[in-house]
Amino acid sequence: MPIRLETWFAVGSAYTWLAIRRAEMLEAAGEVVFDWKPYSTRIVMSELGTLPKNAPVKLAYIWRDIERRAPRLGLSPRFPAPYPLVDYDRANHVAVLAAREGWCFDYLRATYRRWMQEGQVAGAEPNLSESLREIGRDPVETLARADAPEIAAAFLANTDRARELGVFGAPTFRVGEELFWGEDRLDDALDWARTGRLSAP
């Protein structure tokens with residue numbers, strides 16, 4: 001039985017790209033099913049004063065860190081990617097709809113590839129329509145539904161829930177009451193899900 005891993009994220013988080021690739025590998029092996037939970041890191045991090053765009057040294061480190069690590073996962077970044085996202089909310093509203101309907105993983109993989117490897121801004125055109133067509137979704141119909149007020153409300157509700165849980169960054173993996181922040185804590189999250197503790201190094 002694969003582990004079902006609650007995964008809090010936002011389209012706009014650079015490190016989420018690495019998590020998507022690792023998720024692809026783990027799901028293909030039948031080990032893990034990722035339960036994608038889109039929320040607004042922009043709101044939460046603004047409240048905490050931790051937005052990377054406000055810390056140029058941190059942002060430069062993030063791009064370089066991902067540039068170093070991406071090839072290990074078979075990814076070829078073209079950095080710096082356009083950041084921050086102008087259409088952040090719309091990118092994530094599509095993710096909310098996708099998570100409801102079971103095609104979130106496909107959407108994330110497509111939109112992040114265009115963003116991180118081709119320089120097409122996530123949440124904007126041509127990324128949005130091209131990504132949706134790639135995964136077999138009609139862009140006009142899908143975006144009309146993603147733009148509905150109920151989807152915006154669901155995104156804010158997810159954000160409220162993330163705040164209640166103490167989630168403050170992306171990606172964050174939740175196992176019971178334990179939070180594991182960062183793509184580099186994925187193995188720890190899986191250890192905890194399997195055994196309730198972290199294995200020896």
Side-chain angles (χ1 to χ4, degrees), residues 7-25 27-28 34 36-43 45-46 51-54 56 59-60 62-156 158-159 169-171 183:
T7 305
W8 293 84
F9 76 98
V11 180
S13 156
Y15 280 110
T16 293
W17 185 41
L18 303 184
I20 292 164
R21 175 58 179 151
R22 294 194 63 192
E24 181 178 20
M25 298 163 72
E27 287 204 353
F34 287 79
W36 300 101
K37 301 286 188 180
Y39 82 105
S40 180
T41 54
R42 184 170 287 181
I43 291 175
M45 295 175 78
S46 292
L51 282 170
K53 71 175 184 176
N54 296 330
L59 185 58
I62 288 171
W63 290 129
R64 181 56 187 148
D65 189 39
I66 294 175
E67 190 174 40
R68 286 190 302 248
R69 296 171 61 201
R72 187 166 58 186
L73 295 171
L75 300 172
S76 303
R78 191 177 81 181
F79 286 163
Y83 183 88
L85 301 186
V86 175
D87 295 301
Y88 175 90
D89 284 346
R90 197 177 201 203
N92 283 286
H93 292 172
V94 175
V96 170
L97 178 66
R100 282 186 172 187
E101 298 183 352
W103 45 274
C104 191
F105 183 42
D106 292 337
Y107 166 66
L108 293 177
R109 185 169 45 192
T111 200
Y112 265 88
R113 187 188 73 250
R114 286 180 169 80
W115 179 28
M116 294 291 184
Q117 297 185 216
E118 301 175 21
Q120 294 183 5
V121 185
E125 297 297 347
N127 187 320
L128 263 180
S129 292
E130 290 185 1
S131 294
L132 291 170
R133 286 192 194 96
E134 177 185 325
I135 63 174
R137 301 283 158 180
D138 177 80
V140 174
E141 184 270 340
T142 301
L143 292 174
R145 291 192 295 123
D147 290 338
E150 68 171 299
I151 296 297
F155 185 48
L156 291 178
N158 279 2
T159 303
E183 174 272 332

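For clarity, every value in this text was computed on a predicted model and none was experimentally measured.
Within the 4.5 Å cutoff, no side-chain heavy atoms of T7 are placed close to those of K37. Put simply, the side chain of T111 does not reach to within 4.5 Å of the side chain of Q120, judged on heavy atoms. With contacts defined as side-chain heavy-atom distances shorter than 4.5 Å, the pair P52/M45 qualifies. Between R69 and E183, the closest side-chain pair of non-hydrogen atoms falls below 4.5 Å. R113 has its side chain out of reach of N127: every pair of non-hydrogen atoms, C-beta onward, lies at least 4.5 Å apart. Between W8 and T41 there is no side-chain heavy-atom pair separated by less than 4.5 Å. Within the 4.5 Å cutoff, side-chain heavy atoms of P38 are placed close to those of N158. In this structure, L143 and V94 have side chains that are in contact, with non-hydrogen atoms separated by less than 4.5 Å.
Between the side chain of S13 and the main chain of A170, a donor-acceptor pair closer than 3.5 Å is present. At distances below 3.5 Å, at least one donor-acceptor pair connects side-chain atoms of T159 with backbone N or O atoms of F155.
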Side chains of residues 70-85: which donor-acceptor pairs under 3.5 Å do they make with residues two or more places apart or in other chains?
unit_1, atom_1, unit_2, atom_2, d
R78, NH2, E118, O, 2.9

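Between A110 and I135, the shortest heavy-atom contact is CB-CG2, 4.2 Å. Considering every non-hydrogen atom in both G123 and L128, the closest pair reads O-CD1, 3.3 Å. Heavy-atom minimum distance, T16 versus A10: OG1-O, 4.0 Å. The two residues I66 and A14 have their closest heavy-atom pair at CD1-CB, 3.3 Å. Across all their heavy atoms, Y88 and N92 have their closest contact at O-ND2, 2.9 Å.
By the 30° and 60° cut-offs, the orientation of the rings of W115 relative to Y112 is tilted.
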message = Is there a side chain to side chain contact (heavy atoms under 4.5 Å, CB included) between R145 and E101? Walk through the geometry before answering.
response = CA-CA 12 Å; R145 291 192 295 123; E101 298 183 352; 2.3 Å; yes
inquiry  = Checking Y107 against L97 for the side chain to side chain contact (heavy atoms under 4.5 Å, CB included) test, could you report, in this order, the C-alpha distance in whole Å, the side-chain angles of both residues, the deciding distance, and whether it holds?
reply    = CA-CA 10 Å; Y107 166 66; L97 178 66; over 6 Å; no
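Between atom CZ of residue R21 and atom CD of residue E24 there is a gap of 4.5 Å, rounded to the nearest 0.5 Å. Atom-to-atom distance recorded for H93:NE2 and D89:CG is 4.5 Å, nearest 0.5 angstrom.
Of the charged side-chain nitrogens involved, at least one lies within less than 4.0 Å of a carboxylate oxygen, so that E150 and R100 count as a salt-bridged pair.
Side-chain atoms of D138 and T142 form no donor-acceptor pair, as typed in the model, at a separation below 3.5 Å. Using modelled atom types, one finds a donor on one side chain and an acceptor on the other under 3.5 Å when comparing D65 with Y15.
Every residue was checked against the side-chain hydrogen bond (donor to acceptor under 3.5 Å, both in side chains) condition with R133, not counting sequence neighbours, and none meets it. Residues forming a salt bridge (Lys or Arg N to Asp or Glu O under 4.0 Å) with R42 (at least two apart in sequence, or on another chain): none.
Cation-pi geometry between R109 and F105 is met: the NZ or CZ atom falls under 6.0 Å from the ring centre, inside 45° of the normal.
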